[in-house]
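Following: one structure in structure tokens, then a few remarks.
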Amino acid sequence: GDVVALVPAAGKGLRLGYDEPKAFVCLGTDSLLTRSVDGLWASGAVDRIVVIVPADLLDAARNHVGADVLVVAGGDERTDSVRAGLAAVGDASIVLVHDAARALTPPTLIARVVAEVRAGRSAVIPVLPVVDTIKSVDLMGAVVGTPDRASLRAVQTPQGFDADVLRRAYDATTDVSTDDAGLVERIGETVHTIVGDALAFKITTPHDLLLAQALL
Ligand code: C5P
């Protein structure tokens with residue numbers, strides 16, 4: 001069946017500090033959006049791509065991707081954007097969700113995620129060990145807990161799902177989340193981790209953009 005990649009690119013990217021939304025910022029000669037879409041095609045593991053952008057940038061986005069990519073309008077929260085993309089997918093057996101902001105993700109990582117879902121996992125996410133100790137804090141900044149670092153992982157994309165499982169997860173909630181796999185956990189499905197890649201880091205801050213430029 002069809003493997004469809006959703007590319008949420010409707011964030012404002014305020015932390016990057018540019019006037020234009022983050023996905024439209026250039027890294028070398030190409031935008032983050034163009035690079036992310038090119039990486040998905042290069043994996044050889046994806047049949048269709050749907051990108052989700054701010055409603056006022058539908059036409060602009062079409063200049064950043066080929067005519068073979070479907071462009072739809074996103075929403076205020078990432079969850080809204082993914083939901084809009086999911087509604088545009090139609091028939092699919094596997095759905096990937098891949099942040100436009102992870103523009104340097106190796107195509108081989110994308111192919112590994114798809115292979116794991118094909119092998120029967122209903123949800124697959126790339127992860128890396130956490131290098132810093134992580135604290136939980138309250139609203140005043142006082143520490144309320146220190147989870148054991150050895151059991152923590154930082155989550156990347158693409159996240160891969162059996163299409164029906166991801167649809168059920170989104171149908172089951174109206175909550176906002178920054179993580180699709182988290183919604184799948186809530187409906188009782190097991191989420192499987194695979195080893196991620198440092199190059200799949202999310203370009204969020206000016207520091208990240210400098211790093212990405214250096215890595216080009
Ligand atoms: O804000 P954050 O960096 O976590 O966003 C991750 C990805 O989700 C980005 O590619 C961003 O464009 C996308 N996003 C979206 N719609 C939103 C917010 C974020 O598509 N409303």
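Indexing begins at 1, ligand by ligand and atom by atom, following the structure's order. A quick note: this is a predicted structure, and the numbers were derived from the prediction, not measured.
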What are the distances between nitrogen or oxygen atoms of ligand 1 and protein nitrogen or oxygen atoms, counting only those under 3.5 Å?
from	atom 1	to	atom 2	distance (Å)
ligand 1	1 (O)	Arg15	NH2	3.1
ligand 1	3 (O)	Arg15	NH2	3.2
ligand 1	3 (O)	Lys22	NZ	3.2
ligand 1	3 (O)	Lys202	NZ	3.1
ligand 1	4 (O)	Lys202	NZ	2.9
ligand 1	10 (O)	Pro8	O	2.8
ligand 1	10 (O)	Ala100	N	3.3
ligand 1	10 (O)	Ala101	N	3.4
ligand 1	12 (O)	Ala10	N	3.4
ligand 1	12 (O)	Gly11	N	2.9
ligand 1	14 (N)	Gly11	N	3.4
ligand 1	16 (N)	Ser81	OG	2.7
ligand 1	20 (O)	Ala9	N	3.3
ligand 1	20 (O)	Ala10	N	2.8
ligand 1	20 (O)	Ser81	OG	3.4
ligand 1	21 (N)	Gly75	O	2.9
ligand 1	21 (N)	Asp76	O	2.9
ligand 1	21 (N)	Glu77	N	3.4
ligand 1	21 (N)	Glu77	O	3.4
ligand 1	21 (N)	Arg78	N	3.4

### Option passing side-chain contact (heavy atoms from CB on, under 4.5 Å) with Pro126 (candidates Arg112, Arg153, Gln156, Glu116)
Gln156

### Query
Would you call Arg62 and Asp59 a salt bridge, using N to O less than 4.0 angstrom?
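Here Arg62 pairs with Asp59 in a salt bridge, since their nearest N and O are under 4.0 Å apart.
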
Does any non-hydrogen side-chain atom of [Y] lie less than 4.5 Å from one of [X]?
X: Ile49; Y: Val65; result: no
X: Leu166; Y: Leu183; result: no
X: Thr173; Y: Arg83; result: yes

### Message
For Asp91, is the CG atom crowded, meaning more than 12 foreign heavy atoms sit under 6.0 Å from it?
### Response
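Result for CG/Asp91: open.
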
